There are 2 protein chains.
Amino acid sequence: MAPATLHRQVETRLNAKDIRYTTGRRAVVTTLAESDGPRSAAELSAKIGANVPLSSLYRTLTVLEAADVITPHFATKGLARYELAEWLTGHHHHLVCIECGTVEDIEVPPLYEQQVAALVETIAATSSFTASNHDLEIEGTCEQCS
Amino acid sequence: MAPATLHRQVETRLNAKDIRYTTGRRAVVTTLAESDGPRSAAELSAKIGANVPLSSLYRTLTVLEAADVITPHFATKGLARYELAEWLTGHHHHLVCIECGTVEDIEVPPLYEQQVAALVETIAATSSFTASNHDLEIEGTCEQCS
DNA sequence: TTCCTTGCAAACGATTTGCATTGGA
DNA sequence: TCCAATGCAAATCGTTTGCAAGGAA
């Protein structure tokens with residue numbers, strides 16, 4: 001999605017909830033849009049530069065998550081990583097490096113996605129669990145670490 | 001797996017690495033074997049009772065993880081949950097409740113498992129990422145929370 | 001002016017570590 | 001006996017919160 005379009009969509013979403021789309025929030029959205037996978041508060045801070053205090057960053061993340069603009073991800077120990085919500089990026093899955101912990105987004109071909117969706121349907125039909133979403137985590141070693 | 005068999009397998013594995021299979025370690029393995037999903041240190045502590053200090057529990061978890069007897073899981077914010085490694089339990093996936101955070105194991109029918117395996121193969125073939133395992137997280141609402 | 005937002009510092013909760021003690025082979 | 005394992009207390013790390021200052025409508 002073009003950055004201008006992205007920001008317009010986010011702004012509309014935030015305005016609908018009477019939340020301002022401030023510079024700091026815009027910076028987080030921009031940075032996540034440029035990333036190819038979820039990023040932690042520390043990673044965002046480093047990339048944004050302009051030494052924003054971490055407490056402000058965390059507050060920004062809380063606000064954006066509550067507005068469903070970003071989604072948290074917890075594939076690695078001890079810290080949360082965030083990415084733009086799927087209504088902004090499209091549905092995707094994750095490659096998780098078991099060495100360095102970085103996470104990369106992947107899209108899977110439609111045929112496979114249908115199979116996974118069918119699997120989730122099947123599970124839902126045979127249990128009392130109400131499924132709303134799914135995420136396939138492929139664990140392994142990234143190029144850097146191998 | 002029968003408890004006796006389980007403990008024998010774990011003991012063999014630990015002995016091979018010159019690690020003792022102590023009462024505390026045995027208690028963690030027993031408790032995880034009785035659980036239907038990954039459990040946190042606090043949950044294990046509560047279930048084991050016998051007020052074991054958390055620091056000892058964490059050390060036990062570290063040792064068992066290093067010996068590949070247990071595997072950490074991070075689907076929810078702020079804390080790690082552990083489960084017996086798949087060579088002891090068999091391959092499975094997870095239902096994650098987005099309300100209360102609890103995680104439950106599920107086995108998926110072989111046909112679907114083959115499809116997922118094929119998907120992972122395909123991804124591996126088209127990227128420089130070396131896949132070693134995968135985990136499908138189905139997010140939704142558990143019976144309690146719905 | 002009136003709230004929302006931000007910055008700073010202190011507080012928190014999960015986890016880790018140093019060190020002295022205990023216990024099993 | 002001797003080193004691994006444990007308990008306790010203090011330290012660490014990511015994250016959250018109270019409160020006062022800054023900023024946009």
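Bear in mind that the values here come from a model prediction, so they are computed numbers and not experimental data. Residue numbers begin at 1 in each chain, while the letters A, B, ... track the order of the sequences.
Atom OH in B:Y82 sits roughly 9 Å away from atom C1' in C:dT15 (whole-Å rounding). When rounded to the nearest whole Å, the span between CG of A:L57 and C1' of C:dT5 equals 14 Å. We find that CG of A:L44 is positioned 11 Å from P of D:dT15, with the value rounded to whole Å. Going from atom CZ of A:R26 over to atom P of C:dT6 covers 13 Å, rounded to whole Å. Protein atom OH of B:Y21 is 14 Å distant from nucleotide atom P of C:dA25, rounded to whole Å. As rounded to whole Å, 13 Å separates atom P of D:dC13 from atom CG of A:L79. The NZ atom of A:K17 sits 20 Å away from the C1' atom of C:dC3 (whole-angstrom rounding). In this structure, the CZ atom of B:R59 is 9 Å from the P atom of C:dT17, given to the nearest Å.
The CG atom of A:L57 sits 5.0 Å away from the CD1 atom of A:I48 when rounded to the nearest 0.5 Å. From B:L61, atom CG reaches atom OG of B:S56 across 10.5 Å, with rounding to the nearest 0.5 Å. Of the inter-residue distances, the one linking B:I106 atom CD1 with A:S127 atom OG reads 7.5 Å to the nearest 0.5 angstrom.
Using a 4.5 Å heavy-atom cutoff, the side chains of A:R81 and A:V103 are in contact.
Of the possible donor and acceptor atoms, one in the side chain of B:T122 sits under 3.5 Å from a partner among the backbone N and O of B:A118. A donor-acceptor distance shorter than 3.5 angstrom exists from the side chain of A:E43 to the backbone of A:S40, with no hydrogens or angles considered.
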- [ ] Mind running side chain to side chain donor-acceptor pair (under 3.5 Å) on B:E107 and B:H92 for me, showing each step along the way?
- [x] CA-CA 5 Å; B:E107 277 187 40; B:H92 60 270; over 6 Å; no

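The side chain of A:P53 lies closest to C:dC8 when the candidates are D:dG14, D:dG7, C:dC8. When each of D:dG7, C:dA14, D:dT16 is scored by its nearest atom to the side-chain atoms of A:Y58, the top-ranked nucleotide is D:dT16.
You'll find the ring centres of A:H93 and B:H134 outside the 6.0 Å limit.
At a cut-off of 3.5 Å, with distance as the only test, no side-chain donor of B:E104 or B:H94 sits close to an acceptor on the other residue.
Of the residues in residues 3-16 of chain B, not one comes within less than 4.0 Å of DNA chain D through any heavy atom.
Toward the 5′ end of DNA chain C lies the nearest nucleotide of A:T60, the other residue of the pair A:K77 and A:T60 mapping further downstream.
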With the criterion being N/O to N/O and under 3.5 Å, what pairs connect the protein with nucleotides 1-4 of chain D, and how long is each?
unit_1	atom_1	unit_2	atom_2	d
D:dA4	O4'	B:R20	NH2	3.4

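Partners of A:P109 according to the side-chain contact (heavy atoms from CB on, under 4.5 Å) rule, which considers only residues two or more places apart in sequence or in another chain, are A:Y112.
Within 4.0 Å (heavy atoms only), A:A42 reaches no atom of the nucleic acid at all.
The shortest distance between the side-chain N/O atoms of B:S55 and the OP1/OP2 oxygens of D:dG7 is not below 4.0 Å. Contact annotation: B:T22 side-chain N/O to D:dT6 OP1/OP2 distance is under 4.0 Å.
Under 3.5 Å, the side chain of A:R81 and the base of D:dG14 form no donor-acceptor pair of N or O atoms.
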